[in-house]
Number of protein chains: 2
Amino acid sequence: MNIHSSPSFRPLYDQIKILITQSLIAGEWRPGDAIPSEIDLAARFKVSQGTVRKAIDELAAENILIRRQGKGTFVASHSQERASTRFLRIARDDGVAEYPTSKLLSVTRERAPEASASLLDLRTGASIFCIKRLLSFEGAPRIFDEIHVPAAAFKGLDDAMIRNYPGSLYSFFESHFGIAMIRAEEHIKAVKAGPIEAELLHVPQGQPLLRVDRVAFTYGDRPVEWRRGLCHTERFSYVTEMS
Amino acid sequence: MNIHSSPSFRPLYDQIKILITQSLIAGEWRPGDAIPSEIDLAARFKVSQGTVRKAIDELAAENILIRRQGKGTFVASHSQERASTRFLRIARDDGVAEYPTSKLLSVTRERAPEASASLLDLRTGASIFCIKRLLSFEGAPRIFDEIHVPAAAFKGLDDAMIRNYPGSLYSFFESHFGIAMIRAEEHIKAVKAGPIEAELLHVPQGQPLLRVDRVAFTYGDRPVEWRRGLCHTERFSYVTEMS
DNA sequence: TGTGTTATATCTTATATAAGTTATATGTTA
DNA sequence: TAACATATAACTTATATAAGATATAACACA
């Protein structure tokens, strides 16, 4: 009888992955930080450098860590330049890279509706913040976002904080609340513009819009954001790849 | 001065990846086949097993190869059971897994319009096959597909061949023409249903539909299929994930 | 300004053991 | 003998360790 016969057997590198993830959850290393070198981690976890490397390789493949030859391994951050487009899949049809400008419409405290509550593992009626904003390309409004986050995890969030923050919303969540988004699932439908979004997006009511529902997760696959984006896709597309 | 200073330097494992890909392009190993064992490949390419392993690891991560412990490493195929949903991102909202039925509408030989020709690296007016079909879930039509493939690479394709084939279209392309789709890019918009698709999908004209434009690639990143799908997303969504 | 030092990740090879699969040999039983 | 079960062997990939050479980056120092 050896340890591998155990039904709960996990390879060493997988256990190392979990230990690293736990340090990320605990905030021992925060987004942007360098984590210890492979050799240091190997000593700490009492395994070989190769095993640490395999664990880091997989976390890097999941975009949770970033390796830089000669420099070290870093915790992925939305504050990095090339991270700005990581979760933004709407792009111009002509291929020109353009980052949208954001206009904050409102930040309110609400009771979570059943739909977003269940996806965020909250009780219906739990306290959430509801953020509404409008994203524009070339000055033309294209995306109307409604964003729900649990109030418990985003204590003190308000209008002014977001308005004064220069970077992306996920970068803001990271720096002010220590919550890093690492993964998201999206469900997309085509819907008719209602009166509110028609006015905001400068389209007639009934105009087809892309409705993009997202749940975003932080370390340990914990859901911490629900959002619904309504997108006017004239000269823009939602771009994705599969393999 | 060592070889690594060369601007065209590629690590060994990357060169092995290219050699394996070339064998796939040449048809030495076809979808579903087992490729030689790591040890055999190491001997053939005069490198260590570890280097072959790294090359195979990356190709497996790209879903080009599939590893099976104890059995061997296989060329990914659309004829495998779990491949059926690999490129189908439309799913029921209630989470029930259901594979749509396909009704073939037409197969015609056409001159490539500028739009699909340029994406397929063809001259405008080059000969293509145009396939039209309707996909239904629970008997309800949901997706109207128009598919363009270069006639040169799909010689002899016709209506009856597709109609008699039991599996998916990509499985059909593989078995009859030796062309395996390994990657695809999609651009999605919300559009109004025109008269043709309105009738086919049983929706009123003007109904919002998802328009999904796809370019699919085979080994060596060669584009070999363009398609446009018009999707009625009532009780269905386009599902995707990002990290 | 340049040059060497140091620390990092990267690449490559080598070796050993574990675990999953399959075919074959060897029993055992009807 | 024939059918079936079991053990064994030979293959595969998976996991883990070790060691050395190389590429990249940062820094100290002349």
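So that the names make sense, note that chain A is the first sequence line, chain B the second, and so on, each numbered from 1.
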**Asked** Is the distance from OP1 or OP2 of C:dT12 to the nearest side-chain N or O of B:Tyr13 less than 4.0 Å?
**Response** no

Check your understanding: Will you find, in the side chains of B:Glu146 and B:His148, an N or O donor that is under 3.5 Å from an N or O acceptor?
Key -> yes

Closest of C:dT12, D:dT15, C:dG20 to the B:Gln69 side chain is C:dG20

When rounded to whole Å, the NZ to P distance for the pair A:Lys46 and D:dA18 reads 13 Å

Separation of C:dT8 atom C1' from A:Asp33 atom CG, nearest Å, is 17 Å

Rounded to whole Å, the CG-C1' distance (B:Leu65 to D:dT12) equals 15 Å

The salt bridge (Lys or Arg N to Asp or Glu O under 4.0 Å) partners of A:Glu225 (sequence neighbours excluded) come to A:Arg227

Out of D:dT17, C:dT10, D:dA14, minimum distance to the side chain of A:Val47 belongs to D:dT17

In whole angstroms, the gap separating C1' of C:dA18 from CG of A:Asp14 amounts to 16 Å

Taking D:dA16, D:dT13, C:dT13 as options, the one with an atom nearest any side-chain atom of B:Thr73 is D:dT13

What residues 35-45 of chain B contributes to the DNA chain D interface at heavy-atom separation below 4.0 Å is B:Ser37, B:Glu38

Does a donor on one side chain sit under 3.5 Å from an acceptor on the other, for B:Tyr165 and B:Ser171?
yes

Atom CZ of B:Arg67 and atom C1' of D:dC11 are separated, to the nearest Å, by 15 Å

| Does A:Glu98 reach the main-chain N or O of A:Glu138 with its side chain, forming a donor-acceptor pair under 3.5 Å? | yes

Sorted by chain and number, sequence neighbours left out, salt bridge (Lys or Arg N to Asp or Glu O under 4.0 Å) with A:Lys17 holds for A:Glu58, A:Glu62

To the nearest angstrom, the CG-P distance between B:Asp57 and C:dC11 comes to 13 Å

(request) Ignoring backbone atoms, establish whether B:Lys54 has a side-chain N or O less than 4.0 Å from OP1 or OP2 of C:dT12. (result) no

To the nearest angstrom, the CG-P distance between A:Leu12 and D:dA16 comes to 4 Å

For A:Ile143 and A:Gly229 the tightest heavy-atom approach is CG2-CA, 4.5 Å

Next on the checklist: Under a 3.5 Å cutoff, is there a donor and acceptor pairing between the side chains of B:Ser136 and B:Thr101?
Outcome noted: no

Taken to the nearest whole Å, CZ/A:Arg53 to P/D:dT15 is 16 Å

Are any of A:Lys71's side-chain N or O atoms less than 4.0 Å away from OP1 or OP2 of C:dA9? no

- Given C:dC11, is OP1 or OP2 found less than 4.0 Å from the side-chain N or O atoms of B:Thr51? no

